[in-house]
Structures are given as C-alpha cells and as structure tokens.
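Some notes on the structure that comes next.
Note that the structure is predicted; figures quoted are calculated from it, not measured. Counting convention: from 1, in listed order, for ligands and their atoms alike.
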Amino acid sequence: MCGIIGYVGYRNTIPVLIQGLEQLEYRGYDSAGIACLSHKEDNLFIVKEKGKLSALKEKIGDFDVDAHIGIGHTRWATHGEPSRANAHPHTDATGRIALVHNGIVENYAVLKMAMQKKRIRFESQTDTEVAAKLIGTYYHKKTSLFDAVKQAIDELHGFFSFVLFSKDDPDTLVAYKRSNPLVVGLGQGENFLASDVTALLPYTRQVIYLEDDDLVTLTSKSVSIYSLKTRSWVKRRPTMVHWNVSQAQKQGYPHFMLKEMYEQPEVLRNILSKRLTKKGDIYFDTVNKKFHNQLKRVKQVHMVSCGTAYHAGLVGAIAIEKFAHISCRTQVSSEFRYGNPILGKDDLVVLITQSGETADTLAALREAKAKGAKTLAVVNVVGSTIAREADAVIYTHAGPEIGVASTKAYTAQLATLLLLVFSMAKMRNKISKEDFHLMVKAFKRIPEYCARILREGKSFERCARKHSSRRNFLYLGRGCNYPTALEGALKLKEISYAHAHGYAAGEMKHGPIALIDHEQPVICIAPESSTYDKMISNIQEIRARDGIVIAIGSEGNKDLEKMSDSFFSIPKAPEILSPMLTVIPLQFFAYRMAVLNGRDVDQPRNLAKSVTVE
Ligand code: F6R
C-alpha cells in the first residue's frame with residue numbers, strides 16, 4: 001500500500017525523503033514522488049515518476065535544491081492507473097499546497113464535480129487531488145493551513161491520512177489521520193512523519209503513534225496534536241521503538257524474504273525466551289490479570305485474520321479445540337465483518353495480524369467490540385492500530401518483516417498461538433502437568449529443528465530447478481498441516497505467479513483428482529501424524545495416475561522417500577508443532593521458483609505489505 005514520509009528540520013530534505021521512501025518500498029507501489037520547498041527561490045519543487053524509485057531518483061538527478069521541508073510518497077494505485085500524473089504529491093489550484101495521501105476519499109467524484117463547476121481544473125484521476133484542491137478552497141489569507149484542513153475534513157468521507165505543507169509556511173507540516181496509520185518521529189531540531197516506523201529508523205526511535213482524527217502541526221521544534229474527536233489539544237505519549245536499522249536491511253542477503261526465512265530459528269528462540277518462565281510456565285507480559293481471568297471463562301473462540309495470518313489462525317483453531325477443549329471458528333476478516341457474527345461476552349475474538357493495520361481485520365475487531373466480545377490481538381508491529389484497540393495484545397516479536405511474502409511472521413504467529421493454546425489448556429485444567437511439560441520440552445527443540453531444515457537449502461534449489469517451468473501446482477495436507485498446504489500454495493502463487501491450490505488431502509477424490517496426470521506436480525505434506533496413513537493412501541492415488549509427488553515427511557522415512565519424485569525431511573516433532581517445520585521447505589521452494597523465473601521476490605506485482613484499504 002502507499003507509503004508516506006514527511007520531514008521538517010535542519011537536514012537537506014531530498015536525501016531524507018529518498019531514504020524514507022527506500023525504507024517504505026517493501027509496502028508495494030507503482031509510482032513515487034516528492035515535493036519540497038526550495039529555501040532560496042521560495043519554489044515548490046515537485047518530482048514524480050511512474051515505476052520504481054530508481055526512476056524517480058534518476059529524474060531528480062543532481063538537482064541542487066536547498067530544502068528543509070518536504071513530503072514523499074510511494075503510490076499503490078486505487079483511483080487511476082499508475083502514471084506520473086496520478087502519482088503524489090498533488091497540489092491545490094493555486095499551486096501553493098502540496099499533499100500526499102494514503103487511503104480512499106469515497107465521495108471524491110461528487111466533490112470533484114462541484115469544484116469543476118467552479119472552474120477548478122484537475123490534472124489526475126485521483127481522489128487525492130480532490131482532497132488537495134478542496135483544502136485549497138479553504139486556504140485564504142486569514143486561514144492557516146491547519147484551519148483549512150480542519151474545515152475541509154468535514155466534507156471528506158472515507159478512510160485516509162494526509163501530510164501536506166504550504167509554500168507560505170516553510171517550517172510547518174500538517175497531517176491528519178483517519179484509519180490509515182501515521183507515526184510522528186521525534187528528533188532534535190527536526191521532526192518526521194511516516195506511514196510506518198521503518199521509514200524513521202535511520203533517524204529516530206522515539207515515535208508517537210497518532211490516533212484517529214488527530215490533526216497535527218509539526219515544525220522543526222514542536223509537535224502539536226489536536227483531536228477532532230474531542231475537539232481539544234491533546235498530549236500523546238512517545239513510544240521507544242526497539243527495532244533497529246540493520247534489522248530492516250538485507251545484510252548481504254539477495255532478498256529480504258531469504259533473510260527473513262533464515263531468521264526464523266532466532267525468532268522462535270526469542271519468543272520462547274520471552275514466553276517461558278524459569279519454572280517452565282507460559283507467560284504473556286501484556287495480558288493483565290483481569291483479561292487472564294476472562295480467558296478462563298470464554299465459551300467460544302473466533303480466529304479472525306487475512307492471508308497468511310488466516311492460515312496461522314486455522315492451526316490455532318485446531319489446537320484450541322484439541323488441547324483447551326473450546327469450540328473455535330476461523331474466518332477471514334472480510335467475511336467475518338460482513339457476516340453478522342453472533343457474538344457476546346462469552347466469546348473471544350482473536351485477531352491475528354503482522355502489520356496490525358489490515359483494514360478488514362481492523363473492521364472485524366471493531367465489529368467484535370461493538371457486539372461485546374472480548375478481543376485479543378496477536379500482532380507483530382508494536383503500537384499498531386489493532387494492537388492499541390484490542391482489549392489485550394500479545395506481540396509476536398518477529399522483528400520487522402520487509403519481504404511482502406510473509407515468512408518469519410507466520411512461524412512467529414504459529415508459535416505465539418500455540419503457546420496461548422497451551423496456556424489456556426493449563427488454566428482450564430484440560431492438559432495434565434506431565435503432558436504440558438512434555439509439550440514445552442518439545443517446543444524448545446523447534447528452533448534448532450528449524451535451523452536444521454534451513455541448512456538443506458541446496459536440495460530445495462534442485463527441486464525448484466526441476467519444476468521451474470511448470471505453471472500449476474497442487475498442495476495437499478491433513479489436520480494441522482492442511483493450513484500448511486494453503487500457506488505453501490499462497491507463497492508460491494504470490495511470488496512466482498505460478499498457479500497453486502491448497503487442498504485438504506481427503507477432498508482430493510471429490511474433484512482435484514481430475515487434474516492428476518504425468519504433468520501435475522503435487523506437494524504432499526506428510527510428516528508423522530494421526531492421519532499419516534490416510535496421506536499415504538492419497539499419495540498412492542496420485543502415483544497410480546502418474547502424478548509427480550513432492551513430499552515433505554519425517555526424517556528417516558525411507559518408504560515415503562521411495563514413493564516420491566522429490567523428498568524433503570523434517571525432524572520428528574509432536575504433530576501440533578509440526579506446522580512450524582513443514583512450512584519451511586515450502587517457503588524455500590516458492591522462493592527458488594520465484595528467483596528462477598526472474599520475479600521481483602520482495603515486491604511481487606500488485607501486492608502490498610500492509611493492506612490498509614478494503
Ligand atoms: C502473504 C501475506 C498476506 C498477509 C495478509 C495479512 O504472504 O503476507 O497474505 O498475511 O495481507 O496481513 P497482516 O498479517 O498484516 O494482517
């Protein structure tokens with residue numbers, strides 16, 4: 001989704017804006033632009049370009065602009081094709097205001113028509129330009145930019161964040177937030193605004209997460225926040241971000257995705273060290289006693305999330321029914337929010353999200369709260385909107401995930417959900433002391449097992465080479481590895497653009513079996529499990545029809561190895577923990593397929609890291 005950076009201070013602005021945009025590239029975009037105010041000539045300097053940042057940088061070239069205030073934007077097209085004209089920043093009719101925007105102005109067409117009747121001319125197809133022009137109509141000699149935005153906001157419908165400045169005031173940025181995230185970065189003699197903290201990490205780790213309806217004036221020395229909700233000036237407490245710049249850099253890896261895959265053992269180790277007490281109990285620092293007691297009483301759990309996080313929720317649901325004996329439904333957020341779910345005080349809605357900003361998951365959270373359910377967010381990005389709005393939050397501590405395709409955030413979600421399940425099973429007396437301790441003991445071995453699988457990188461490479469030209473893949477799994485099949489298929493299609501379909505293996509005979517012939521690769525996830533024999537029957541059915549079997553099985557399983565065209569082994573672990581291992585060969589396979597097909601691994605076409613529009 002779109003990325004925003006804003007700067008006011010003593011530094012030369014253009015390099016700050018470019019570096020900020022580089023840090024935001026991972027969000028996915030199709031064009032980019034900057035605007036700054038030339039100190040000497042009192043001129044708005046605006047450069048925009050379609051395509052990658054390199055195109056924008058080339059266009060800026062050696063322009064020597066001495067500017068100390070500016071805004072930058074990476075655009076992910078919603079209204080109007082990706083083009084230079086549609087790229088941000090946009091200006092008001094007089095060309096004094098420059099504005100960047102994330103989100104959607106829903107009533108832009110009506111507003112545009114009304115302004116066109118007043119002979120205001122538009123240069124783009126965007127809703128953003130409508131907002132810029134509308135604010136311009138309120139911006140007169142006696143009205144500050146802050147007041148102009150305050151008045152215009154009442155006319156704008158939708159969900160959006162803006163950052164803007166006027167050439168009349170070279171030391172003031174104005175920003176407004178509704179739904180789409182905006183963070184203030186606090187510096188000494190300089191201040192920043194960004195759509196996400198990674199853009200701020202090279203300069204500051206002291207940030208203020210803005211809340212909905214915050215209207216902000218930012219100068220090089222001050223930050224003033226006015227809440228349009230309470231109609232008063234407010235103080236928001238700064239937060240210290242614990243991520244560092246190097247975590248958000250490739251550190252010698254060719255892609256962020258590969259780096260993040262290799263970080264998984266460390267992420268899992270870190271989660272366990274945070275969550276396990278010396279006595280071997282499970283502990284969540286951010287869950288207070290009251291919420292802990294409520295967890296003991298819930299009668300129904302709902303796992304709600306999107307994409308990869310939804311797959312983590314499917315595993316969590318299987319675990320919670322099996323170990324904590326609580327009935328659990330899993331739904332994608334976009335269906336949950338419009339499905340009129342029946343919820344009450346005995347329901348626990350668990351919202352799982354890496355970014356903490358996904359629009360559908362946020363809407364689902366608000367729906368659940370409005371209906372009186374307890375809400376628990378399982379989130380990676382500290383301080384994100386969903387983390388702040390839920391009744392309780394558990395952080396997954398995966399560190400910044402930059403690759404658009406989620407890898408370490410997924411294994412971190414799995415680990416966190418499973419620990420939550422075991423802790424709930426224990427507090428409700430559904431698991432014996434011995435079984436609990438055995439499970440914790442087995443859990444502690446998972447990071448090393450994960451590292452062992454990662455050391456097998458070369459064999460995934462060979463398998464991917466063999467199949468790199470194929471365009472259709474079927475993924476099969478059962479039980480808690482059915483979600484692994486879905487996740488493996490999602491990884492492959494999103495970064496290699498090959499078609500891949502995840503299926504519950506038992507469903508194969510109800511349709512997909514028609515696909516099987518000598519050209520159809522089928523990835524079968526078959527570690528030791530309660531349904532292992534059933535998986536083997538499915539594999540035999542595939543072989544009987546000449547299908548190509550790529551199997552993931554337990555170490556030492558020679559029978560399965562013989563049955564397969566390619567075989568990847570994973571160390572033996574309790575079935576419920578195995579999804580943290582079985583997914584790794586699938587991430588690797590997808591990664592290698594994407595590289596071999598020359599795809600843009602970290603920023604696949606049409607995708608965005610944080611989906612903040614519906
Ligand atoms: C896939 C992927 C997406 C996200 C989904 C939810 O690799 O990354 O499917 O999982 O957009 O995002 P979050 O977890 O930020 O809510």
Please tell me if the side chains of F336 and T330 come closer than 4.5 Å, counting only heavy atoms from C-beta onward. no
Quick one: side chain to side chain contact (heavy atoms under 4.5 Å, CB included) partners of R236, sequence neighbours excluded? I208, E211, D214, I225, S227, V234
Under the rule for side chain to side chain contact (heavy atoms under 4.5 Å, CB included), what residues qualify as partners of V287, not counting sequence neighbours? F284, F291, H292, I394
F460 and ring pair (Phe, Tyr, Trp, His ring centres under 6.0 Å): which partner among F589, Y591, F568? F568
Show me, by chain and number, every protein residue that has a heavy-atom distance under 4.0 Å to ligand 1. C306, G307, T308, A309, T353, Q354, S355, T358, V404, A405, S406, L490, K491, E494
Closer than 4.0 angstrom, basic N to acidic O: yes or no for K177 and D213? no
Residues which pass side chain to side chain contact (heavy atoms under 4.5 Å, CB included) with Y338, listed by chain and number, not counting sequence neighbours: E614
